[in-house]
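Step one of this worksheet: look at the structure below.
FYI, the numbering just counts along the sequence from 1.
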Amino acid sequence: MAVTALVLLVLSSSLSHTVAVLFGEPRIFGDDATGYGPIFEEEPLDIVYTKESPDRHISMNCRARANPAPTYRWRRDNWEIKLMELPNEHYSLVGGNLIINNPEEKKHAGIYVCVAKNMYGTVISKEAKVKFGYLEEFPDEERDPVTVKEGQGAVLLCVPPKRWPAEVTFRWIYNEFPVFLHPDKRRFVSQSTGNLYISKVEASDAGNYSCYVFNPQIGKGPIAVIPIYPAPHIVWRKIGATDLPASAQVSMSGALLHLYNVQYEDSAGYECEAINQKWQDWHQAWLYVEAAPEWAVTINNTQKDIGSEHTMSCVANGKPVPYIRWLKDGYSYGKGELKFSSLTFEDSGMYQCIAENYWGIIYASAELRVIACAPTFELNPVKKYLLGANNGRVVIECKPRAAPRPRTSLWDFFFFYILNATRNDEGVYTCLAENDRGKANSTGTLTITEATQITVAPEDTQVMVGEEVHLQCQASFDPSLDITFIWSLDFRVINFYLEWKHYERIMVGEILKIMNVQLRHEGRYTCTAQTVVDNVTASADLKVKGLPAPPGGVRVEEIRDTSVKLVWNQGADHGSPILGYTIQTRDFYALTEVDWKDASTSPTPLGGRSVMADVVDLYPWMEYEFRVYATNGFGDGEASIPSMKIKTWDAVPVVAPTNVGGYGGKDGELVITWTPVQPQYFYGKKFGYVVAFKPHDDVDWWYETISDPETRRYVHRDASFRVKSNDFQVREFQVKVKTFNSKGDGPYSLSTTVYYPRDVPSESPTDVYSRPVSSHEALVWWIPVMDTGTGLQQYIDGYQVKYWRKYDDTEPGANRIFVPASMNQTRLENMLPDSHYLIEVRAYNGAGVGPPSEHCEMFTKRAPPSVAPQMWRYISYSGKWLYVWWHHIPYDWFGNESFPLYYKVMFRKTGYITGPIYMTGWHFIDFPMPQVGDYELEVRGRYEGGDGPIRKISVLPSMPLTVSPPVLQVRRLS
């Protein structure tokens, strides 16, 4: 087709320095039309149909929006279903939905697509699969009962029946439906096999168990017994990372790691470590993340000029990389990118881009409409009133709708430029557009204003943390216009409403005030003076001196048994040279996320230029992570991100058990006790104890191996130890305990003498006295039993103290405290206030307790009041003193509560745990008024029954708005 076109700009005055340029993507449309091709609003989904389904039909939905309304067809396995030509007892069409009545697997399983068509084109829906599922019954034969010893482990096999699809949910029923077992630290249900695992079976676990499979059949599961260790502590780690992904959730007492919303970066190895008192084991598995296609660039409805060039492309992300192919009006139309060198009306139609890989397939649909029309300015006329700045650049836009697009022999663009504009350029401008189908024009009037200029620009500034900064910015502008000042930091516009604590605009934005400057406020500040015509900017750099930045790249390069080599990258010093670095560690047994400890290093100290060091004095076979912080003249900086977790090598234990002792019991029992070694001193796997003992006069030792590291006593039974009628002396035994692990044996403890008494103590303590300390505590003391030594039977290990309420408790339920023989007093706790107590003391040894002392009687004190002092008040003397008082509750109001002796007052900074404590018998107190920071004030009474409850207020000095003293704000916290 031959096309002629012309675009002109006509100015009412002469132009000596005007450039006319027309550019850009054409905005071109055909004659107005309301019709459009089909666009899917609902597409069919995969369906699994079972014979047990109450509905004897399958409904596959399909709905498309189009004008005129579309017609629908369906295909199964690429064969069209003849819905209109012959009656069919199975298939019917309701709107666009396909109904399959009385479905049969051989006839109706397959891949279905919906086809929607109207006069503008044809589109095909995504594929939907129809499959037939089943779930067979469990076998009818009974399962044999199995007896499990208490303390052992068990696995109950589900052995699920045949099924499709294979993805089902397993649950276990205890005794009868619907009592379902809830997985916990001892019990775990595998969702891959259905098996129920029970560690360390308890007597309460006895009963009938049934495996329940969704959807929905019930059957009984067989039970089989296997040996298994006590319930372990389970820890999950992501190999090569410090922490698990943020979406990770660990449940079932650590047995199940669930990753939600999995991303590509979650691809990694994952390690599960199980630890209990007897063993440690771990297992690794690798997660490979792939994904169904997802559109990154898709296609949209487009109108293009006849004869123009056009490219259609779409990009999909996915793993494996998706394969791209095209459909036009429902038929294959190539692959990759579609390019049209000269569009014709035949290229109009409905196009579909299809991306598919192993995990799925996605469709994108769009209509391409090729049009031709005469120029028009109805939707986009030239602006009626145009403004430009003196000596600036003026751009007049001319974008008519036209097809073919207007062209000239000189320019291909749709903008008219005036460079270095002056008052002489003011006037009326008209844009003319013409093609082979017609012509049109549009007019606007240009006015030139004074240019905006920065007259006072902000200056580079350097400040300390906590100081205040003023940055100035002033500008001249045309008086007929309004001006706005915009401040930005590192090209990010400052939001004064959200950041009011630090930023404030003064004098309509001409001055930027930065209060309490912090390190994060450092950067380039830009002032933009803006009118509707033009804008100008000026920038200044703000440097902030303060604490050093955290080091980066903290990593472990060498691992040993008691040391590692740690490497890091230096951070910014923020205007003050770095004086040194501190390394901190956190081990497996840290109580909280913030439980970091300063580490020992070599060299010591670490200088300001250090980038590596040996961290020493570590525990062998211990999991660690490390972090580093820098120190400069302003103090300690923020700590680095923690390193990856590592485990030091194992080594021979070097710590022996402590408090080794024991006693002789009844019937030839020798009881040996000790305090177990803490887990951080295990130093390796298979940790345990070797107990050695012998009669005092013997040469040869007897040895026993204990494999449980938490064991704290060993009982040896020997008939020869029994007391005979002619025994008049206490027998002596030498005992000692050492440690061992898989690397070797550790040291023995010091030898200790254990005595085997002939009988229980025969005397009772005398002169038992007591004194109440508070409403819940008392002190008791006595004259001890005379110890006649090991030569006779009067040998004691310690004392038993019993106490109970005389009229409200029974003696068998009394509280008991045991103290060693070297002590003759103790503190009684957890007593009830204002109560009458009886106290009894007996001596004891390995053979039992001796006779009781005489009962001592005492009364505990009355309890403190349950309500703190009331009616807080405050006052500020010229902004320098804080005066606080509280209302005293009369003694008669207490009833059974004790009388106040004095009051304790703590005044501390908010966020701190401690502060100065003042004691006063008055009901008021004054303090110097804090001028900076937030504070808290606590008051509590001291009563004869102990401390009373706390009343707390917060003290917030307001910022003064004038030269008057600051106003004190008090906010009640509790």
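- Within the 4.5 Å cutoff, the side chain of Ile306 has no heavy atoms near those of the Leu343 side chain.
- The salt bridge (charged side-chain N to carboxylate O under 4.0 Å, His left out) check on Arg423 picks up Glu426, Glu450, with sequence neighbours excluded.
- To the nearest 0.5 angstrom, Ile448 atom CD1 is 7.0 Å from Thr422 atom OG1.
- Atom-to-atom distance recorded for Arg586:CZ and Trp596:CH2 is 4.5 Å, nearest 0.5 angstrom.
- Residues satisfying the side-chain hydrogen bond (donor to acceptor under 3.5 Å, both in side chains) test with Ser442, not counting sequence neighbours, are none.
- For residues 534-555, the pairs satisfying salt bridge (charged side-chain N to carboxylate O under 4.0 Å, His left out) are Arg524-Asp541, Arg555-Glu557, with sequence neighbours left out.
- Note that CH2 of Trp487 and CG of Leu471 are 5.0 Å apart. Values are rounded to the nearest 0.5 Å.
- The closest donor-acceptor contact from the side chain of Ser267 to the backbone of Val289 lies under 3.5 Å.
- For Arg609, the side-chain contact (heavy atoms from CB on, under 4.5 Å) partners at least two apart in sequence or on another chain are Gln570.
- A salt bridge does not link Arg627 to Glu625: none of the charged side-chain nitrogens sits closer than 4.0 Å to a carboxylate oxygen.
- Glu367 is linked by a side-chain contact (heavy atoms from CB on, under 4.5 Å) to Tyr36, Tyr120, Asn301, Met350, Arg369, counting only residues two or more places apart in sequence or in another chain.
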Result block: side-chain N/O donor-acceptor pairs under 3.5 angstrom for residues 309-318, not counting sequence neighbours:
none

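- Screening Pro548, Pro605, Ser610 for a side chain to side chain contact (heavy atoms under 4.5 Å, CB included) with Tyr581, the sole residue that qualifies is Ser610.
- Side-chain contact between Leu481 and Val533 is present, with at least one heavy-atom pair separated by less than 4.5 Å.
- With sequence neighbours excluded, the residues satisfying side-chain hydrogen bond (donor to acceptor under 3.5 Å, both in side chains) with Ser539 are Thr526.
- Put simply, CD1 on Ile494 and CD1 on Ile486 are 11.5 Å apart, with the number rounded to the nearest 0.5 Å.
- Applying the side-chain hydrogen bond (donor to acceptor under 3.5 Å, both in side chains) test to residues at least two apart or on different chains, the pairs with a partner in residues 458-469 are Glu468-His470.
- Separating the OH atom in Tyr935 from the CG atom in Leu937 is a distance of 12.5 Å, to the nearest 0.5 Å.
- In this structure, Asp243 has no side-chain contact (heavy atoms from CB on, under 4.5 Å) partners at least two apart in sequence or on a different chain.
- For His521, the side-chain contact (heavy atoms from CB on, under 4.5 Å) partners at least two apart in sequence or on another chain are His502, Tyr503, Ile514, Val517, Gln518, Tyr525.
- To the nearest 0.5 Å, atom CD1 of residue Ile454 and atom SG of residue Cys527 are 5.0 Å apart.
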With a 3.5 Å cut-off and sequence neighbours excluded, list the donor-acceptor pairs that the side chains of residues 382-394 form with protein atoms.
none

(Q) Go through it in stages, so that I can follow the logic: the residues are Asn261 and Ser247, the test is side chain to side chain donor-acceptor pair (under 3.5 Å), and I'd like the CA-CA distance, side-chain angles, deciding distance and then a yes or no. (A) CA-CA 7 Å; Asn261 190 25; Ser247 63; over 6 Å; no
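- Here the closest non-hydrogen pair linking Asn435 and Cys373 is ND2-O, 3.2 Å.
- Applying the side-chain hydrogen bond (donor to acceptor under 3.5 Å, both in side chains) test to Asn535 and every residue at least two apart in sequence or in another chain returns nothing.
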